[in-house]
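Every heavy atom of this structure was used, including side-chain atoms; hydrogens, water molecules and symmetry mates were not. Quick caveat, the model's predicted, so the values are computed rather than measured.
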Amino acid sequence: MVDVSPIPSSWKLPGTSITVDPSQAGTPTNPKFALLVGHPLASAPAPRDVVTAIGTQADANAYFGAGSMLARQFAAFFAINRSSPLFALPVAEPSSGVAATGTLTVSAAPTVAGTLSLYIAGQKVAIAIASADTAANVATKIAAAITAAPDLPVTASASSAAVTLTAKWKGLTGNDIRVEANYLGFYGGEFYPSSLTLTFPTDNVLSGGTGTPDFTAAIANLGDAPYRFVSLPHTDSGSRALWATEYGFSDSGRWGWMRQSYGQIWSARRDTYSGHMTWGPTANDPVIYTMGIEPQSPTPMWEWSAVFAANAALYLTADPARPLQTLTMNGCLPAPKSFRFNKTQLNAMATVGIAIQGTDLDGNTGGVPQILREQSSYQRNTQGQADNAYELATTLATLDEVFTRLRQAISNKFPRHKLADNGTRFGAGQAIVTPLIIKGELVAQYRIMENDGLVENATAFKNALVVERSTKEPNTVEVLYPPDLINQLRRLNIKCQFRLQFPLALAA
């Protein structure tokens, strides 16, 4: 019997009646949005704690303020990825926080004309210097040039020979703004006009910023929308804990059985090698990928985070099982060569849950950082034992795709079916399903996913798959689903056993 519902068998009028059933027409779909989390300017009109869709830099500047953390994140993300639907979550700066500040002092006036190449948060500001400029003149020019560049994350004011820089928002994140000169160096055409001397803030960064944002309302307002790729520049323990819970595996988390909305969080952190190695073991979040950055990189962490998320959103959406290694972090300025982490340090950082990046490690990246390993901070299971189950971002990205396809296939195939035991005799066309029929469908879908390069070993999967009718609730089928996720080629180890000459007998 063919199911032609909702056409009733009691309908008497002559003619042809057609009802449309789309359940077998659709192909697997999995909407994946990207979300930028950060501060707007205090004067920006965007409502706080409410997701806002953005599609142009003009929109980002208008909603969040030029030079804001969010506007600069958007610029970094959009330069790499224009295909992922992009949203922003503006969160108010800490109400009791303090904005970071720093003083740039002109210690000696120039004796010849030239150009000063000043870098603030990785953005170059060129300042024309005249030979007759006094130290106070140079300071005034610096402040004016900064003020004339609204996309910078600082304001500037000059007094005598000193320039005071102030972050445009309050909070700890302002301490990540670097100030330096002549990043490209002499061979890049950047050097001080003769005799000009500048004194920078300690370690070339602003300081004194305090306060962390309250994400409670913002996270609650996300609902279950598919924000699969989150750029989170806040690495303080309180912020991480809230986001790790939202995107976690508990009943209330996005990876929990009740919500099943999934997603991953992309972040970056600036520190010394020793600092990273100390911090790494303190984190254990399977959904957060924090990239370790050298202190001397001019680019702020919110832009490293946005570029990391942009790459993930672009390439994991195309294929969630392919590694992100070797993808370039365009727009991020690496630390100068003498300050970059070496291979030994990078390898050690990966062992304590830190995602790693490198520049020129293979000699062909052209001075652009690239992702080396998209590592989560997960290192221990619930018993405190070492565990690598969620070590790599491709694991959760692939599971996201597998689970979504699985739910779509089952809901399309058996939307309003009756449930019977295996072996029940029923007429053809009946909307009845048995555990064995469900198992057959699961195996069929698995083979499709194997063909699509998401899983492997279909025969072993079939043998390990268990589909049973619940002994406690007769309307429920219980499944042990054991997918074997496909792996990635991350290493190729070769032993070169060379000869100076093969023996003639062997050559023959």
Using the side-chain hydrogen bond (donor to acceptor under 3.5 Å, both in side chains) rule, take Gln73 and Ser231 through it: C-alpha gap first, then chi angles, then the decisive distance, then the call. CA-CA 9 Å; Gln73 274 187 280; Ser231 169; 2.8 Å; yes
Pairing donors with acceptors under 3.5 angstrom, does anything connect the side chains of Ser195 and Thr111? yes
Can you tell me if Ser252 and Ser250 form a side-chain donor-acceptor pair at under 3.5 Å? yes
Ser305 side, atom OG; Leu36 side, atom CG - distance, nearest 0.5 Å: 10.0 Å
Aromatic contact between Phe249 and Tyr390, with the criterion being ring centroids under 6.0 Å apart: yes or no? yes
Run through Met329, Glu374, Arg269, Arg373 and flag the one making a side-chain contact (heavy atoms from CB on, under 4.5 Å) with Met291. Met329
Here the pair of heavy atoms bringing Arg240 nearest to Thr290 is NH1-OG1, 2.7 Å
Would Arg259 and Asp224 pass as an ion pair if we require N to O under 4.0 Å? yes
Less than 4.5 Å apart, any side-chain heavy atom of Thr282 and any of Trp279? yes
Between Ile127 and Ala145 the two heavy atoms that sit nearest each other are CG1-CB, 3.7 Å
Compare all side-chain heavy atoms of Thr210 with those of Lys170 and state whether any distance is below 4.5 angstrom. no
Do Val91 and Asp49 have side chains that get closer than 4.5 Å, going by heavy atoms? yes
Charged N-O contact under 4.0 Å between Asp176 and Arg270: yes
Flag for Thr359-Gln370: side-chain donor and acceptor within less than 3.5 Å: no
Taking atom types as modelled, is there a side-chain donor on Gln357 or Glu294 under 3.5 Å from an acceptor on the other? yes
Step through it carefully: locate the ring centre of Trp266, locate the ring centre of Trp243, and say whether they are under 6.0 Å apart. no
Between Arg178 and Gln296, a side-chain donor and acceptor under 3.5 Å: no
Residues at least two apart in sequence or cross-chain that pass ring pair (Phe, Tyr, Trp, His ring centres under 6.0 Å) with Phe64, listed by chain then number, are none
Closest heavy-atom pair, Ala135 versus Ala161, reported as atoms and distance to 0.1 Å, is CB-CB, 3.9 Å
Note: Lys32 and Thr317 closest approach over all heavy atoms is CD-OG1, 3.9 Å
For atom OH of Tyr192, is the number of surrounding heavy atoms from other residues, nucleotides or ligands below 6.0 Å larger than 12? yes
Any luck finding a side-chain donor-acceptor pair between Thr212 and Ser239 under 3.5 Å? no
Please check if atom CG in Asp203 has more than 12 non-hydrogen atoms from other residues, nucleotides or ligands closer than 6.0 Å. no
Looking at Thr299 and Gly122, would you say the former's side chain and the latter's main chain have a donor-acceptor pair under 3.5 Å? no
Can you name the nearest heavy-atom pair linking Ala92 to Arg48, along with the distance? CB-CG, 4.1 Å
Determine, step by step, whether Asp251 and Trp257 satisfy the side-chain hydrogen bond (donor to acceptor under 3.5 Å, both in side chains) criterion, reporting the C-alpha distance in whole Å, the side-chain angles of both residues, the deciding distance to 0.1 Å, and the verdict. CA-CA 6 Å; Asp251 290 353; Trp257 66 272; 2.9 Å; yes
First locate atom NZ of Lys168, then atom CG of Leu165, and finally report the distance between them rounded to the nearest 0.5 Å. 11.5 Å
Heavy atoms of Ala34 and Phe77 approach each other most closely as CB-CZ, 3.6 Å
Ring centers of Tyr227, Phe87 separated by less than 6.0 Å: yes
Taking only residues two or more places apart in sequence, or in another chain, which ones meet Asn347 in a side-chain contact (heavy atoms from CB on, under 4.5 Å)? none
Under a 4.5 Å cut-off applied to non-hydrogen side-chain atoms, are Thr272 and Phe339 in contact? no
Just say parallel, tilted or perpendicular for the rings of Trp169 and His39, cut-offs at 30° and 60°. tilted
Going by atom types alone, do Tyr378 and Asp285 pair a side-chain donor with an acceptor below 3.5 Å? no
Exam field: side chain Arg72 to backbone Asp151, donor-acceptor pair closer than 3.5 Å: yes
Would a 4.5 Å heavy-atom cut-off, applied to side chains only, mark His276 and Asp271 as touching? yes
If you define the side chain from C-beta out and look only at heavy atoms, does anything of Leu316 sit under 4.5 Å from Thr398? no
Decide yes or no for Ile142 and Leu104: does some side-chain heavy atom of the first lie under 4.5 Å from some side-chain heavy atom of the second? yes
On the six-membered ring of Tyr262, is Arg254 placed so that its NZ or CZ lies under 6.0 angstrom from the centre and within 45° of the ring axis? no
Under a 3.5 Å threshold, yes or no: a donor from one side chain and an acceptor from the other, between Trp255 and Ser261? no
Mind running side-chain hydrogen bond (donor to acceptor under 3.5 Å, both in side chains) on Thr235 and Ser267 for me, showing each step along the way? CA-CA 7 Å; Thr235 57; Ser267 189; 5.7 Å; no
Do Asn137 and Thr140 pair up side chain to side chain, a donor and an acceptor below 3.5 Å, judged on atom types alone? no
Just do the side-chain hydrogen bond (donor to acceptor under 3.5 Å, both in side chains) check on Glu401 and Asn30 with the steps written out, would you? CA-CA 7 Å; Glu401 185 70 17; Asn30 190 0; 3.1 Å; yes
Side-chain heavy-atom pair Leu196, Asp133 within 4.5 angstrom cut-off: no
Among side-chain atoms of Thr173 and Asn175, is any donor-acceptor pair under 3.5 angstrom? no
Just checking, is any N or O donor in the side chain of Gln375 or Tyr289 under 3.5 Å from an acceptor N or O on the other one? no
